[in-house]
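Reading through the structure tokens given below for one structure.
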Protein chains: 2
Amino acid sequence: MLSQKAKYGIRALLYLAQHGQGSPVLIRDIAEKERLPKKFLEAILLELKSAGILHSRPGKGGGYTLNRPAKSITLGRVIRLIDGPLAPIPCVSQTAYAPCRECLDEKTCTIRAIMKQVRDATAAILDETTFADLLDQQNKLAQGVAGIDFSI
Amino acid sequence: MLSQKAKYGIRALLYLAQHGQGSPVLIRDIAEKERLPKKFLEAILLELKSAGILHSRPGKGGGYTLNRPAKSITLGRVIRLIDGPLAPIPCVSQTAYAPCRECLDEKTCTIRAIMKQVRDATAAILDETTFADLLDQQNKLAQGVAGIDFSI
DNA sequence: ATTAACTCTATATAGTCAATAGAGATTTAG
DNA sequence: CTAAATCTCTATTGACTATATAGAGTTAAT
């Protein structure tokens, strides 16, 4: 399961992506519009900033913006950053490999073989999906719903 | 990430599947051969038993056996039992649906759409893989490794 | 009866998750 | 140059979960 922290982070990034590269967005605005706990969000945005995903300016007229185009930020990267590796077990992680403590022989471990499949399937989705994709999809979904409403 | 508990449970089941439907296997044997903490393993096996996956007989000559053929026990079932839903967020779980607390509109939530893909991909693998499959694969992997050793 | 095994309750420790408080540092406007 | 706005940093809190372990209780076979 994704942590709340990761979900909040993703929502905040999506909000910032929506807002575009224009003027900085206040933490307070993100928190209010997306209904996220403000103080917790502060910490999350700070992490995303120090990872180079966000940019911020303190002081009057300050706030947060994306540090890079939305299409260069993948969901996989953000989730790994906040929640750690996508892999279900450490011995199949590409980005944070570690042997399983209790494993007797990695080469013949079938749990490992299956979990590698799971990791690869997950990574294939999350590393290919960017925040630009999410924005596109959001617009389409919103239109779809509006269309349904209209047809009634 | 899978919990240690789930990994231990899977290893124990694999060990029991290997052993076949014959005489009961002692907790102590499983713990020693697979190097799992015995007391912790006791609790895990008990859970698997009350879920109907294992059968046990107390007393002299007792121990644990699979309650059903290995080919009818899927990895997905065992993992859900011990660690909970496969879905990365509750609103896309098929077996334990719950709305995300902070979600403003599930119908247009793109995070949900992506996470549904992840869940489906994961479930497709784990719900199709049985302990009989794992046994087969283990034998093949062991032969493969032996073959390589022999050829050197 | 005695032994060998599982079963149950209780406990412990450490760590993580989710969140909050409040003082500090920085920038811009005026 | 100062005041207001805003991000930044440190610390703390409470609840919960993960990972075990101890020991008494129960059951079945011989």
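Sequence lines set the chain letters: A, B, ... in the order given, protein chains first and strands last, and positions in each chain run from 1.
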Open item on the list: Main chain of L126(B), side chain of T129(B): is a donor-acceptor contact present, judged purely on distance under 3.5 Å?
Closed with: no
Open item on the list: Can a donor-acceptor pair be found, under 3.5 Å and without considering hydrogens, that links the side chain of N67(B) to the backbone of G52(B)?
Closed with: yes
- [ ] For R112(B) and C91(B), indicate whether the former's side chain and the latter's backbone hold a donor-acceptor pair under 3.5 Å.
- [x] yes
Task: Point-to-point distance, once rounded to the nearest 0.5 Å, from CD1 of I89(B) to SG of C109(B) - done: 6.0 Å
Open item on the list: For a quick test of reading the model: is some side-chain N or O of Y64(B) closer than 4.0 Å to OP1 or OP2 of dT7(C)?
Closed with: yes
Open item on the list: So for K39(A) and dG22(C), does any side-chain atom that can act as donor or acceptor lie under 3.5 Å from a complementary atom in the base?
Closed with: yes
- [ ] Would you kindly give the CG-to-P distance between L48(A) and dT8(D), to the nearest whole Å?
- [x] 12 Å
Open item on the list: Tell me whether the side-chain N/O atoms of K5(B) come closer than 4.0 Å to OP1 or OP2 in dT17(D).
Closed with: no
Task: Side-chain N or O of S56(B) closer than 4.0 Å to phosphate OP1/OP2 of dT7(C) - done: yes
TODO: Let me know the distance between CG of D83(B) and P of dT17(D), rounded to the nearest Å.
DONE: 13 Å
Open item on the list: Less than 4.0 angstrom between a side-chain N/O of R57(A) and OP1 or OP2 of dC7(D), yes or no?
Closed with: no
TODO: Could you please name the option among dT6(D), dA18(C), dA4(C) that lies closest to any side-chain atom of S3(A)?
DONE: dA18(C)
